[in-house]
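To start, the structure itself, in structure tokens.
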Amino acid sequence: MHLRLLCALPLVLAAPFAAPLAHASSPDAWEEFRADVEKRCLAGLPETLGTPNVFVEPTGTQSFGLAAIEGLSPESKSQITYLCVYDKQKRTVEVSPPIAAEFLHVVRESEREAAAAERAKTGDDKTVDEAGQE
């Protein structure tokens, strides 16, 4: 009897953690989530950026959606990036102060793919930034 209880105990303890996995979102639900993050983050900006590019992390964390919004600031006439945190339960956002391009570079998918292709071609598997730091 005690052996059965000991064998079942891990299943009982794991059950609360398995529920979120059983209710995983569909691809359509994730697409709606990303669209909502983008819409709310753009609306939360303190200024309207010229030709903004919004990069939404596909699923975020357990509690938050994450996005980077890059564009031309009409005030400073320079390229800036805002970071946006979306509360999944409250559906509200908080936006960082603007970050100048010299302090943050958002890597586009095309840049990432080009860098991966170059590493594959040269056999270099190290990631080194422009300053030579890994």
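Index from 1, following the sequence.
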Handout entry: Test item: L83 and V85 side chains (from C-beta on) under 4.5 Å apart, heavy atoms
Key = no
Of all heavy-atom pairs linking G44 and V93, the shortest is CA-CG2, 4.4 Å
What one should report as the nearest heavy-atom pair of Y82 and S96 is CD2-O, 3.0 Å
Contacts of K77 meeting salt bridge (charged side-chain N to carboxylate O under 4.0 Å, His left out) (sequence neighbours excluded), chain-then-number -> none
Side chain proximity check, L42 to P52, heavy atoms < 4.5 angstrom: yes
ask   = Crowded around Q89 CD? As in, over 12 foreign heavy atoms under 6.0 Å?
value = no
field: Sub-4.5 Å side-chain heavy-atom contact between R34 and Y86
entry: no
In this structure, OG1 of T59 is separated from CZ of F33 (nearest 0.5 Å) by 7.0 Å
(Q) Can you confirm whether more than 12 heavy atoms, excluding those of E94, are under 6.0 Å from its CD atom? (A) no
To the nearest 0.5 Å, atom SG of C84 lies from atom CD of E38 at 10.5 Å
* Asked: Within 45° of the axis and under 6.0 Å from the centre of the six-membered ring of F64, does NZ or CZ of K88 qualify?
  -> no
Between the CD1 atom in I80 and the CG atom in L72, the distance rounded to the nearest 0.5 Å is 8.5 Å
*asked:* Using the rule given for salt bridge (charged side-chain N to carboxylate O under 4.0 Å, His left out), can you reason through D87 versus R91, listing the C-alpha separation, both sets of side-chain angles and the distance that settles it, and then say yes or no?
replied: CA-CA 5 Å; D87 186 306; R91 297 183 64 197; over 6 Å; no
Group every Ile, Leu, Val, Met, Phe, Trp and Tyr by side-chain heavy-atom contacts under 4.5 Å, then state whether V37 and L45 land in the same group. yes
Check the side chains of S63 and T61 for a donor-acceptor pair under 3.5 angstrom, ignoring hydrogens and angles.
no
Tell me whether E75 at atom CD has more than 12 heavy atoms from other residues, nucleotides or ligands lying less than 6.0 Å away.
no
Residues P74 and L49: closest non-hydrogen pair is CD-CA, 4.5 Å
- prompt: Given the rule that I, L, V, M, F, W and Y join up when any side-chain heavy atoms are under 4.5 Å apart, are L66 and I99 in one cluster?
  reply: no
